[in-house]
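The structure appears below as structure tokens.
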Amino acid sequence: MKRFHTSLTATVMSVLFALCLTAGQVFAADTIKLGVAGAHSGDLASYGLPTVNAAKFVVADINAAGGVLGKQVELIIEDDVCKPEVATSTATKLVTSGVDIVLGHICSGATKAAMGIYHGAGLVCISPSATAPDLTLSGDYPNFFRTIAHDKVQAELQVKFVIEKLGAKKIAILHDKGDYGKGAASLAKQFVEANPNAEVVLFEGVTSGSVSFGPIVQKVKRSRADAVIWGGYHSDASKIIRQMNKKKMKAFFVGADGLKDETFIKVAGKDAEGVYVSGPMDYSKNPLAIKAKEQHKKAYGDDPGAFYLEAYAATLAILNAVEKAGSTEYDAVVKALMTEYVETPLGKIRFDEKGDPIGVGFTMYQVRKGQFVELN
Amino acid sequence: MELEYFFELFLGGLVKGSIYALIALGYTMVYGVVELINFAHGEIYMLGAYTALIVASVLTVLGFPQLAIVVMAGLAAIIWASAYGYTVEKVAYKPLRKAPRLSPLISAIGMSIFLQNYVLLAQTDKFLPFPELIPEFEFWEPYSHIIGSPSLMILVSTVIIMMLLTYIIKYTTMGKAMRATAQDRTMAMLVGISVNKVISFTFVIGSSLAAVGGVLVASQMGQINFYIGFMAGIKAFTAAVLGGIGSIPGAVLGGLVLGMTESLATGYISSDYEDVFAFALLVLILIFRPAGLLGRNTTQKV
Amino acid sequence: MTTETILDVKKLTMDFGGLRALNHVDLTIQKGEIVALIGPNGAGKTTFFNCVTGIYTPTGGEIFLGGTGKKPIRLNGIKPNRIADLGMTRTFQNIRLFQNMTVLENVMIGRHIRTQAGIFSALTRLPSARKEEKKTIDDAYNLLEKVDLADWANEFAKNLPYGDQRRLEIARAMATDPVLLLLDEPAAGMNPQETQRLDALIRKIRDEEGITILLIEHDMKLVMNLSERIYVMDYGSGIATGTPMDIKNNPAVIKAYLGEEVIDA
Amino acid sequence: MDTGIPMFKLSEIKKSLVVALWFIFLTFPIMVIKVNTIENFIAWRWRNMFMIGICSFVISLVWRYFQENEASGQRILSLFTQIPLVKRLKGMSVSERPTQDGVIRESNPMIQRIFYTLLIVMALLFPFVNDYQTTILTTALMYVILGLGLNIAVGLAGLLHLGYVAFYAVGAYTYAILNMHYGVGFWVALPLGGLLATLFGIALGIPVLRLRGDYLAIVTLGFGEITRITLENWDALTQGPSGIAQIPKPGLFGMELTTQQGIMYVYYLAVALAILTVFCTYRLQNSRIGRALMAMREDEIASQAMGINIARTKLTAFALSASFAGMAGVLFAAKTGFINPQSFTFMESAIILSIVVLGGMGSILGVIIGALILILLPEYLREVGNYRMLLFGASMVIMMIFRPQGIISNVRKVYKIDQGGQK
Amino acid sequence: MLKLSHVNTFYGNIQALKGLSIEINEGEIITLIGANGAGKTTTLMSISGVVPPRSGEIIFDGVPIHAMSPEKIVKMGLCQVPEGRRIFPQLTILENLDMGAYLREDKDGVQQDLDYVMDLFPILKERRNQAGGTLSGGEQQMLAISRALMARPRLLLLDEPSLGLAPLIIRQIFDIIARINKENGTTIFLVEQNANLALKSAHRGYVMENGVVTLSDTAENLLANEEVKKAYLGI
């Protein structure tokens with residue numbers, strides 16, 4: 001019998017320890033709780049934090065105007081570091097804290113991991129940035145909505161542009177081996193391969209954060225590609241472009257929405273000139289977008305960062321849906337999201353039955369004189 | 001064409017390798033003297049680069065001339081990186097000198113996490129553009145398509161620093177004291193060497209090298225954030241082990257071999273598996289030379 | 001009873017790079033003997049032990065181990081653990097105990113090759129495994145009693161006084177049921193009292209357990225008292241062999257090793 | 001020697017003042033100046049400077065106080081182990097009978113039984129507290145398994161392993177892939193995952209047999225990275241970085257479980273598996289094989305001279321250690337329902353290693369406590385938001401400084417010796 | 001010259017020295033004998049400042065040194081040749097000797113001393129560019145003593161110089177020790193396991209047991225002392 005004691009000890013310890021630390025559940029006043037989940041620390045924090053800011057501004061405005069359904073909106077912010085295993089804890093924590101709706105998550109992987117938990121709890125989620133196609137297309141995640149078009153739409157547009165408008169015959173596709181980057185690159189590859197007028201001369205992943213991209217740039221040069229399609233975020237991209245320019249290479253560089261970020265232009269500086277990117281349509285003239293950016297600038301002194309407007313729109317859309325639905329009840333909210341148009345920084349939008357936004361599309365830009373200029 | 005391609009890959013590998021080597025030198029020195037895998041070394045590299053960025057930005061606003069900015073930013077990077085290295089040793093490693101072998105390693109991992117988040121919180125989570133501190137030299141213009149000035153600077157600096165370090169360690173009194181401390185700490189104390197000073201000195205030197213590396217690489221890459229130290233640190237550590245940890249020429253050779261392998265693997269096979277080749281090579285070399293390329297293969301005394 | 005050759009070393013040679021540490025060393029030991037190997041520091045005595053016990057692979061010569069009931073086995077290139085299994089164990093010049101294990105556990109490790117229990121029986125603890133474990137404990141304890149360390153059984157090895165650590169090392173080696181025991185400077189660092197106890201212990205091991213003994217030692221008093229035959233090495237080669245009396249009076253040995261007056265005390 | 005209040009002696013204050021000035025200097029560029037080269041602005045945050053000054057002054061006073069009064073420092077930090085319950089548990093795990101020094105007391109078996117029954121009831125009832133607590137405790141329990149598994153390699157056998165997460169990945173992917181392609185269920189995948197990880201452990205072990213210490217560390221680190229990169233690139237098998245989603249939860253006789261029930265069920269599975277792991281490692285540790293592992297850790301050459309086959313023993317250590325990670329991986333895949341290579345980075349290995357070292361190498365109870373602290377700490381630190389990783393890193397450093405040997409150290413196994421009939 | 005009074009030294013919680021008092025006069029050879037674990041090495045480490053005492057006083061030349069760092073103590077002219085030689089194995093013999101003179105600034109003096117020790121042990125001169133680790137045990141002991149002499153100590157602490165050495169070498173080493181004492185007037189504090197040998201070369205001796213001194217007398221008297229004979233001389 002005694003031999004079991006140690007084993008029991010183990011269990012017992014675990015339980016006790018957790019119990020000690022268990023904070024009593026707080027039953028808050030009557031508010032609508034909006035959970036915000038995403039990467040707020042770690043290497044991808046810069047993609048998650050703007051969403052938090054956006055949510056704060058929108059909620060502050062709405063609360064100032066009397067709230068939703070006469071209740072104040074309360075934010076519950078949780079970090080998932082963009083890791084699936086953390087995301088499940090994050091999601092459970094949000095569910096346990098009694099959130100009514102969720103803004104997030106930021107990364108597709110984390111989103112996939114978390115979605116089941118929200119679904120089990122009957123919660124609707126809206127992400128500003130998770131662009132993996134199967135999140136909506138597979139039908140596995142009925143409670144998922146997003147304010148950004150998925151990668152497939154984008155890849156198709158990109159490839160069409162590169163082949164038809166730029167006339168590229170040989171295309172090199174690079175990616176950062178990440179979830180988002182490789183996903184986007186693989187889609188682009190499919191579309192290029194489907195097109196008889198062009199071929200993929202190189203399809204490779206680079207090591208994100210590497211101290212030098214010289215060798216891969218060399219390889220691109222040798223492949224004599226007319227265009228490089230990049231799947232990934234801007235930090236690696238700008239380093240690659242920089243080295244390409246140093247080698248005086250003439251190939252077009254085409255990126256996706258991971259590059260459609262003011263930061264890209266500012267970080268890459270003159271190297272960014274001439275780069276093509278696909279991205280959500282231009283909202284810079286949208287009054288709400290202008291307002292949203294102003295708010296951020298006023299509060300933090302700088303430009304908002306990635307997916308800020310999408311997050312802003314997502315917050316508006318989901319809170320509007322609650323208002324319209326008259327409650328936070330699952331079916332009603334889903335129905336409201338799909339039927340009611342809402343005015344957002346992205347324009348007037350609603351969602352299709354799969355959860356993708358209608359009215360949000362992609363377009364091509366080129367960097368000219370430090371600005372993203374919308375083409376055609 | 002083929003030959004030229006190889007040559008270019010070779011050069012690319014050389015540059016990449018020198019970067020690894022530069023950081024690995026600091027790793028290897030610290031290891032050589034205190035036998036500690038200083039996981040926070042990558043973060044010191046990052047702090048050096050950040051300090052340079054901050055100082056350069058401030059000086060730019062104040063309207064200093066370019067050359068002065070470069071010099072002062074570089075100096076500031078070295079000074080503060082050394083200060084951080086010194087402090088990290090005092091806070092996180094010195095109390096653990098007599099602890100079991102793995103404890104300082106965990107402390108180092110903790111320090112690494114701490115420093116990353118310290119910069120994240122105090123500065124920003126975003127990538128920031130890093131000024132081109134090293135301009136394209138005019139005299140080098142004709143060759144710059146082969147190898148750019150910043151890359152050239154990295155190559156040259158690595159060579160100079162390696163020679164300088166070798167000199168310091170081989171011939172100066174401090175260098176000898178470092179070697180003595182590395183071999184037998186108690187005995188070093190008994191001949192009158194201040195072990196604390198020697199160890200601090202080692203950290204200061206190692207950290208300044210990290211700072212030099214940080215500034216050069218950041219200037220070549222054109223951007224930094226709080227996370228750049230992690231990857232650089234791991235690769236440099238690999239390079240140091242590959243070359244024989246504790247050996248100065250070993251660190252350089254290890255860095256070069258690593259960079260070269262990655263470059264050639266990328267060029268001729270696929271960059272998808274770049275790191276796989278790098279680590280596979282490491283395993284292979286260690287199987288045949290368990291103490292690294294230039295490491296002393298000490299037969300254990302029985 | 002016929003004498004039986006336990007260890008037969010022929011022309012053993014060991015090179016480290018360009019350095020020849022052992023040069024055609026011959027040595028034989030008969031069953032039941034106590035033989036000493038002496039010589040100046042650096043003469044190659046420990047290297048000899050390391051070659052014989054398989055830690056180094058000799059570059060030349062042959063080593064045969066007999067006394068196992070079968071015909072002599074050639075040991076060249078055999079792993080140390082196999083050699084221990086065949087019946088030759090050793091102690092080390094600079095004590096190599098398992099510091100953070102208890103005294104009893106140290107001796108139990110010695111029983112490792114004479115026991116079978118594997119992972120499966122560790123997890124299931126079938127009666128047979130329990131029996132074996134219990135026997136291991138008892139055997140180890142008995143050995144500890146033999147070397148007067150039973151009171152320390154549950155103490156960490158590192159906490160033992162120096163002399164006791166040396167004796168523990170001997171007990172550990174005996175636990176492997178050796179036919180031949182190699183002792184590398186067993187008296188180093190012992191005071192005369194401790195050395196006397198050691199002398200008695202080594203005798204007891206030979207007389208009661210029938211274990212043949214080869215030892216390296218600098219303490220001439222111990223060597224002369226204890227050993228029946230002595231081999232002397234210098235610069236990697238054997239320079240003399242014979243009874244203690246022969247050695248004491250051998251001019252070559254006196255010149256290389258002993259100095260003018262052999263034993264002071 | 002000092003009388004009165006040593007903390008506030010003038011020289012002490014002076015020293016702390018120097019420390020404060022040093023930290024002000026040290027943190028000046030990073031803390032005071034905030035640059036943003038994107039927006040080209042520079043902010044001067046002088047307030048931070050004062051904060052740093054004051055904080056480091058106070059901390060340095062306290063720090064020195066602890067260091068100079070090492071005994072009292074130890075006392076305060078070992079408060080945790082002084083809690084009667086912990087003390088008793090510690091005692092129990094240490095030995096099965098009283099030792100000479102009387103540290104461990106045999107208590108009334110009846111009381112013990114009641115005590116354990118209570119604890120089991122609590123463990124069983126725990127999931128009814130709330131789902132979040134249950135989820136994170138499940139995670140913590142998985143790390144208990146991982147920690148104990150790694151403890152076999154690092155704590156018992158002394159093989160510094162920095163790529164342990166690879167085995168975890170192997171387990172997780174075994175379940176995910178087999179399930180995706182062949183619909184293999186959790187209960188079949190669990191032993192398979194363990195087995196495959198074991199094979200991986202042996203495959204890793206063979207090339208590194210000759211390596212020692214830090215060289216072994218870097219090669220195992222490389223092995224971990226190789227595994228992760230392969231998972232990222234081998235699209236056909238692993239779906240690359242986008243990972244494998246919709247991994248089913250473990251089945252319970254074909255019953256449909258709600259999300260909440262699912263969480264509870266996985267929790268109980270984790271408890272069961274953790275108990276199994278504790279049970280196995282405990283028995284292993286006190287067996288012939290376990291002793292051989294320890295002997296190898298203490299001295300390879302001596303253990304070889306005692307007849308231990310080093311090659312086989314090393315492979316055993318790697319294999320055993322890997323098998324637990326494999327099973328934990330299967331559980332992980334089942335719990336998360338989605339896996340991708342991002343979950344198996346070097347940082348993960350580092351955390352698991354930290355669990356082992358922090359808890360106290362070689363000590364089962366220590367590793368359990370280490371896992372709970374290191375996994376639950378960041379979770380509960382969520383309240384402090386952005387500062388949580390900062391505090392996490394700092395606490396790792398601080399814990400090591402004050403308890404370098406780990407929370408529970410130097411477990412000494414005491415053997416019962418049957419002296420009857422010998423004298 | 002050196003005076004230890006009521007020194008208490010701990011390793012962690014284990015007390016190794018329990019109120020130890022020893023006195024050494026200039027020019028003497030003093031030996032400290034005792035069983036293993038009696039605290040002999042700890043005594044030397046406490047004097048050298050490597051394991052500073054928790055309480056008690058150590059006065060050297062009238063200056064309290066018990067709270068000083070090891071390097072300051074060396075600088076005062078107090079050097080130790082520790083047990084097991086502790087040669088820096090990868091430094092050459094010359095470099096090892098250099099390290100002995102680490103704190104000295106008088107180049108000429110250092111050169112002079114270098115010549116002196118090479119004269120004392122010609123083998124060192126022969127092998128001066130060889131790594132210390134390649135020397136045999138006896139040669140290492142010679143190097144260790146020479147290295148300590150390079151600091152020009154006024155008090156030399158020797159820990160078990162005979163350990164693991166062949167009889168011939170031991171004799172050589174002890175001759176040199178006597179010579180150093182005579183020629184340079186260097187005071188020598190000798191810790192030895194081999195009590196017979198030690199007492200024969202020393203002027204006075206202390207016997208140590210469990211961290212305290214139990215006997216102290218002239219070397220001759222100790223050699224004749226029945227208890228000492230029984231316990232340490234093996235007669």
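Labels below follow one simple rule: chain letters A, B, ... track the order of the sequence lines, proteins then strands, and each chain is numbered from 1. What you are looking at is a predicted structure, and each value in this text was computed from that prediction instead of being measured.
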Next item on the list: Please lay out, stage by stage, how D:Ile339 and D:Ile247 fare under the test side-chain contact (heavy atoms from CB on, under 4.5 Å).
Entry: CA-CA 8 Å; D:Ile339 54 168; D:Ile247 305 166; 3.8 Å; yes
Margin query: Go through it in stages, so that I can follow the logic: the residues are A:Phe203 and A:His175, the test is ring-ring contact (aromatic ring centres under 6.0 Å, His included), and I'd like the CA-CA distance, side-chain angles, deciding distance and then a yes or no.
Written below: CA-CA 8 Å; A:Phe203 180 82; A:His175 60 84; 5.2 Å; yes
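Enclosure of atom NZ in D:Lys249 by more than 12 non-hydrogen atoms of other residues, nucleotides or ligands within 6.0 angstrom is indicated.
Heavy-atom distances place both the backbone and the side chain of A:Lys177 under 4.5 Å from chain D. For A:Tyr141, the part sitting under 4.5 Å from any heavy atom of chain D is the side chain, from C-beta outward, and nothing else. The part of D:Glu348 that comes within reach of chain A is its side chain, from C-beta onward, which places non-hydrogen atoms under 4.5 angstrom from that chain. Both the backbone and the side chain of A:Ser89 come within contact range of chain D, each with at least one heavy atom under 4.5 Å from a heavy atom of that chain. Interface remark: D:Ile263 contributes side-chain atoms only to the contact with chain A (heavy atom separation under 4.5 Å).
Under 3.5 Å, the side chains of D:Lys335 and D:Thr139 contain a donor-acceptor pair of N or O atoms.
When the candidates A:Gly205, A:Gly116, A:Gly120, A:Ala87 are compared by the number of heavy-atom contacts under 4.5 Å with chain D, A:Gly120 comes out ahead. For the set D:Asp235, D:Ile136, D:Asn36, the count of heavy-atom pairs under 4.5 angstrom toward chain A peaks at D:Asp235.
Aromatic ring orientation, A:Phe264 versus A:His234: tilted (interplanar angle from 30° to 60°).
Relative to the six-membered ring of D:Phe338, A:Lys112 misses at least one condition, a distance below 6.0 Å or an angle of at most 45° to the axis.
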